[in-house]
**Student:** 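Once you've had a glance at the structure underneath, I'll fire off some questions.
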Amino acid sequence: MRFLFFLLITAGTVAGQQKSPVSYVNPLIGSAPSTTESARRHSEAGSEAKGQIAPAIGHPHGMTSWTPQTRRTETKCIVPYYYTDTKINGFRGTHWLNGSCVQDYGTVTLMPFSGIPTTKPESRFSHEEEIVTPSYYSIQLPDYQIKTELTATKRAGILRFRFGKKDRHFVLAEPNSDEGEGFIEVHPERNEVVGYNPVHRIYQGSGESAGFSGYFVIRFDQPFRQVQTFEGTSLSAARSASGSTQNRKQVGAVLEFADNAGLQVTARVGTSFTDLDGARRNLDAEIPDTRFDAIGKASETAWNKELGRVLVSGSENDKALFYTALYHTKLTPRIFSDVDGRYPGFADDTTIHVAKGYDYYCDFSMWDTFRAGLPLHVLLEPGRSASLMQSLTKKAEQGGWMPIFPCWNQYTAAMVGDHVQSAIADAYLKGVRNFDVQSAYAYLRKNAFEANPDWKSYVSGKGRRGMESYLKYNYIPLEDSVWQAFHRREQVSRTLEYAYDDFCLSQLATALGKTDDARQLATRALNYRHVIDPVTGWARGRYADGRWITPFDPFAQRASFITEGSPAQYTWFVPQDVNGLIRQIGGADRFNAKLDTMFSKGYYWHGNEPGNHTAYLYAWGGQPYKTQYWVRKLIREEYGLGPGGLSGNEDGGQMSAWLAFSMLGFYPACPGRPEYVIGSPVFPEASLKLANGKTFTLRAKGTSDTNIYIRSAMLNGKPFTRTYLTHAEILAGGTLEVIMGPEPDKTRGSREADRPGSLSR
């Protein structure tokens with residue numbers, strides 16, 4: 001496998017010249033089962049041990065990415081491409097939520113082949129023949145002697161097929177509707193194929209229509225010698241084919257071209273979620289001709305611009321880890337609106353809306369990305385973050401409730417918590433203003449103060465789950481199972497996450513001058529106390545009458561009242577009030593000892609997001625040197641350069657966002673509070689090129705895999721003893737210089753004045 005872009009469709013770098021950020025990215029990292037120890041120890045479902053990455057080729061946050069396809073399906077938890085598969089059966093315009101266990105939707109696949117017409121062509125392939133970068137992919141298909149290349153823009157793709165031998169030459173075009181509802185139509189007079197793939201909901205409302213389709217318009221630069229379509233596996237001379245849920249047959253077209261050896265066929269594909277006209281406009285605007293190399297160069301330039309917002313010095317391996325991680329964070333949320341701003345209304349809204357002054361985005365994977373993925377966009381791309389926040393606001397206005405986990409342009413009730421509160425509060429408090437915050441606040445408040453009284457819309461995913469109990473008891477008791485959600489119990493996790501979300505909304509309310517709301521919400525932010533047992537010092541299930549669940553094992557790999565983990569792993573999800581958590585557990589000594597147990601005994605699971613901030617909590621316990629030790633250890637043990645180099649589901653870019661922040665040397669342990677806890681910077685120098693025109697540089701003198709501890713620090717030439725940076729300090733530009741060493745200074749950062757913020761002191 002080759003993933004560097006040497007002299008293929010653009011000019012290569014001159015020997016000795018600084019390589020571009022995109023040249024370090026390996027899109028195949030995470031496409032194979034994880035090779036890390038924690039994944040083997042803690043993963044339960046088969047998919048949890050996988051990065052669930054398909055190489056996404058195209059444009060940062062593009063509507064449609066393109067990937068080689070090794071699996072013919074849009075089935076839940078099946079990625080379009082697995083590194084361990086041995087055959088390619090197409091090249092897919094995909095909307096896969098990178099690194100997830102969800103489902104692809106609204107896709108289209110093209111597959112070149114030679115010989116006998118068939119509805120299921122496939123070829124062996126070798127990873128040694130793959131060339132893959134964020135902007136370009138090529139592969140030789142030996143069974144047909146065809147070379148395939150692809151690149152893409154935001155909303156369109158271009159594929160180039162070179163047929164190596166004289167034979168009958170074909171391209172299959174197929175909407176990948178598992179429900180058999182796809183439609184395809186061929187227009188030979190203009191070398192064009194059009195169609196759509198209806199989208200269906202997942203989680204709440206699973207299987208129901210999502211109210212929109214993935215539309216495509218494919219234009220070829222060569223005439224069709226013969227056209228056939230199919231329903232199921234039967235080819236016919238008809239010019240169109242359509243499926244239905246009754247027959248559940250796959251539909252598609254098989255297009256025959258001239259039989260010349262060396263024939264080159266180029267296909268341009270416009271995509272849209274609005275309609276066929278939208279797909280056609282997107283194609284005309286973004287790929288008006290067949291200049292493949294120019295499109296590839298533009299895509300590479302777009303990636304270098306995005307990745308180049310951070311420039312780092314260090315080893316080649318560390319640059320590859322870092323820039324691949326940064327690439328992963330820039331796949332979703334995806335642009336959902338067309339070039340003219342049109343997009344289908346959210347959820348039950350069937351209106352075609354127009355985004356004016358912003359791009360409309362979807363697929364937030366909110367339970368995951370609120371932690372570091374979305375804060376990374378706020379830091380590096382506040383303009384895009386404004387569009388993201390406005391998109392969430394528009395979803396609420398169109399659907400009636402602020403969505404909690406919006407995907408497929410629908411409500412899902414997929415995960416616990418209500419972390420859109422965190423995302424919007426964090427963006428606003430860090431200076432993102434170009435969105436309708438008053439409208440957003442009204443719907444955030446509705447989520448936080450009201451239980452949805454309408455049973456039908458509640459079942460459909462609108463409103464917080466278990467809200468009546470939360471408002472009544474200030475926690476969700478074990479008696480209250482939530483059948484109207486994908487995760488049906490998990491009462492302790494819900495309580496902890498709602499308490500954090502209430503804190504975030506209290507911060508936003510304060511900023512907006514809504515003092516009564518702020519006071520109530522700040523009180524509710526302490527609700528974590530009801531589910532952290534002060535006797536055992538662990539998160540623990542509790543009944544409505546106050547009794548704690550027995551028997552109780554804090555280290556049980558799974559507990560019904562915890563989301564995807566153990567009580568011990570979830571105990572630390574109190575980022576808003578770590579000082580209060582320390583007191584609830586029984587003091588700093590017990591707090592630090594329990595953290596030590598988590599890491600030294602192997603109870604910590606990095607591959608699942610609720611614990612991503614845990615290593616940074618030592619900063620509140622007065623032992624930041626342990627944060628430096630464990631963060632550096634996690635960087636080295638939980639990530640790698642091979643296809644198995646992610647320790648669990650990537651989940652919309654969150655696992656990579658953790659790595660990107662942590663390699664830089666700081667992390668947003670509590671989004672909603674504009675601070676970053678300092679860890680152990682990997683790079684000798686890293687510079688953030690900020691949207692305000694300023695540059696913030698972090699220099700780590702002497703840093704190495706041995707010198708992992710911060711011995712001293714200077715911020716803009718002045719002594720710096722704090723264990724955190726503020727967002728304002730970074731935006732002001734300047735330099736944080738730290739001196740690294742092999743032994744910790746155990747007194748540094750131990751003073752209370754040097755510790756990060758907390759709801760209570």
Side-chain angles (χ1 to χ4, degrees), residues 18 21 24 60 304-314 318-319 321-323 325-327 329-330 371-386 426-433 616 619 624 627-628 631-632 635 656-703 710-740 749 754 756-757:
Q18 175 67 37
Y24 288 102
N304 275 323
K305 179 181 178 181
E306 295 285 337
L307 302 177
R309 298 179 194 277
V310 185
L311 298 179
V312 298
S313 66
D318 282 342
K319 289 178 183 178
L321 275 176
F322 176 78
Y323 282 116
L326 205 56
Y327 153 80
T329 70
K330 294 180 178 296
R371 306 167 197 274
L374 292 174
L376 187 63
H377 299 322
V378 170
L379 179 61
L380 298 179
E381 303 174 82
R384 175 172 283 132
S385 291
D426 189 62
Y428 188 84
L429 293 166
K430 291 175 179 174
V432 175
R433 293 289 188 272
Y616 287 92
T627 286
Q628 295 156 31
V631 165
R632 185 64 74 95
I635 290 172
S656 287
W658 185 95
L659 180 62
F661 266 121
S662 295
M663 292 186 80
L664 291 174
F666 55 94
Y667 185 78
C670 181
R673 179 179 287 117
E675 295 175 357
Y676 304 88
V677 180
I678 296 172
S680 176
V682 169
F683 298 110
E685 183 167 306
S687 295
L688 280 63
K689 297 184 177 299
L690 303 168
N692 61 9
K694 297 183 180 181
T695 299
F696 183 81
T697 300
L698 197 154
R699 293 196 183 100
K701 290 190 172 182
T703 186
I710 296 176
R711 301 288 300 178
S712 63
M714 303 278 283
L715 180 62
N716 298 325
K718 298 180 180 180
F720 184 80
T721 59
R722 282 192 275 114
T723 57
Y724 67 95
L725 283 164
T726 69
H727 188 74
E729 286 170 334
I730 293 176
L731 290 191
T735 301
L736 175 65
E737 184 173 279
V738 298
I739 307 299
M740 308 294 289
D754 291 329

**Student:** Quick check: closest heavy atoms across L659 and A325, and the distance to 0.1 Å?
**Tutor:** CD2-CB, 3.9 Å
**Student:** Can you tell if the side chain of K694 reaches within under 4.5 Å of the side chain of L731, non-hydrogen atoms only?
**Tutor:** no
**Student:** To the nearest 0.5 Å, how far apart are NZ in K430 and NE2 in H727?
**Tutor:**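 So the gap between those two atoms works out to 6.0 Å.
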**Student:** Do the non-hydrogen side-chain atoms of V677 and P756 ever get within less than 4.5 Å of each other?
**Tutor:** yes
**Student:** Within this structure, what is the OG-CE distance for the pair S656 and M663, rounded to the nearest 0.5 Å?
**Tutor:** 11.0 Å
**Student:** Rounded to the nearest 0.5 Å, what's the gap from NZ on K689 to CG on L380? Could you check?
**Tutor:** 12.0 Å
**Student:** Please examine the side chains of V312 and V682, heavy atoms only from C-beta on, and report whether any two atoms are closer than 4.5 Å.
**Tutor:**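 SC-SC contact between V682 and V312 ruled out.
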**Student:** Quick one: does Y676's side chain get under 4.5 Å of P375's, heavy atoms only?
**Tutor:**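 With C-beta onward as the side chain, the pair stays apart.
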**Student:** Quick one: do E729 and R722 make a salt bridge, cutoff under 4.0 Å?
**Tutor:**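 Salt bridge between E729 and R722, a charged N being under 4.0 Å from a carboxylate O: yes.
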**Student:** Within this structure, what is the CG-CD1 distance for the pair L664 and I678, rounded to the nearest 0.5 Å?
**Tutor:**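 Rounded to the nearest 0.5 Å, the CG-CD1 separation comes to 12.5 Å.
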**Student:** Compare all side-chain heavy atoms of L725 with those of F696 and state whether any distance is below 4.5 angstrom.
**Tutor:** yes
**Student:** Indicate the atoms forming the closest heavy-atom contact of I710 with G679, along with that distance.
**Tutor:** CD1-O, 3.4 Å
**Student:** Rounded to the nearest 0.5 Å, what separation is found between the OH atom of Y323 and the CG atom of D318?
**Tutor:**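 Output value for this atom pair is 12.0 Å.
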**Student:** Drop me the distance from Y24's OH to K319's NZ, to the nearest 0.5 angstrom.
**Tutor:**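 It is 3.5 Å, given to the nearest 0.5 Å.
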**Student:** Can F683 and L698 be said to form a side-chain contact (heavy atoms from CB on, under 4.5 Å), step by step?
**Tutor:** CA-CA 9 Å; F683 298 110; L698 197 154; over 6 Å; no
**Student:** Any idea which heavy atoms bring P382 and L379 closest together, and the distance?
**Tutor:**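 What the structure gives for the nearest pair is CD-O, 4.3 Å.
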**Student:** What do the steps show when you test I730 against L736 for side-chain contact (heavy atoms from CB on, under 4.5 Å), and what is the final call?
**Tutor:** CA-CA 9 Å; I730 293 176; L736 175 65; over 6 Å; no
**Student:** May I ask you to test the P60-K305 pair for a side-chain heavy-atom distance under 4.5 Å?
**Tutor:**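 No, too far: nothing below the 4.5 Å cut-off.
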**Student:** What are the two closest heavy atoms between L326 and A660, and how far apart are they?
**Tutor:**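 Here L326 and A660 meet closest at CD1-CB, 4.4 Å.
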**Student:** For the pair R309 (side chain) and L688 (backbone), establish whether a donor and an acceptor sit closer than 3.5 Å, ignoring hydrogens and angles.
**Tutor:**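 The answer is no, because no donor-acceptor pair under 3.5 Å joins these two groups.
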**Student:** Run the numbers on F720 and V738 for side-chain contact (heavy atoms from CB on, under 4.5 Å), then give the verdict.
**Tutor:** CA-CA 9 Å; F720 184 80; V738 298; over 6 Å; no
**Student:** Ignoring hydrogens and geometry, is there a side-chain-to-backbone donor-acceptor pair from R632 to P681 under 3.5 Å?
**Tutor:** yes
**Student:** Any donor-acceptor pair under 3.5 Å linking the side chain of S687 with the backbone of L311?
**Tutor:**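 Side chain of S687 to backbone of L311: no pair is present.
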**Student:** Can you tell me if T723 uses its side chain to pair, donor with acceptor, with the backbone of D754 under 3.5 Å?
**Tutor:** yes
**Student:** Answer whether the closest heavy-atom distance between the side chains of M740 and S680 falls below 4.5 Å.
**Tutor:**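 Yes, their side chains come closer than 4.5 Å.
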**Student:** Would you check if W658 and I635 make a side-chain contact, meaning some heavy-atom pair closer than 4.5 Å?
**Tutor:** yes
**Student:** Given side-chain contact (heavy atoms from CB on, under 4.5 Å), test V631 with Y667 step by step and report yes or no.
**Tutor:** CA-CA 10 Å; V631 165; Y667 185 78; over 6 Å; no
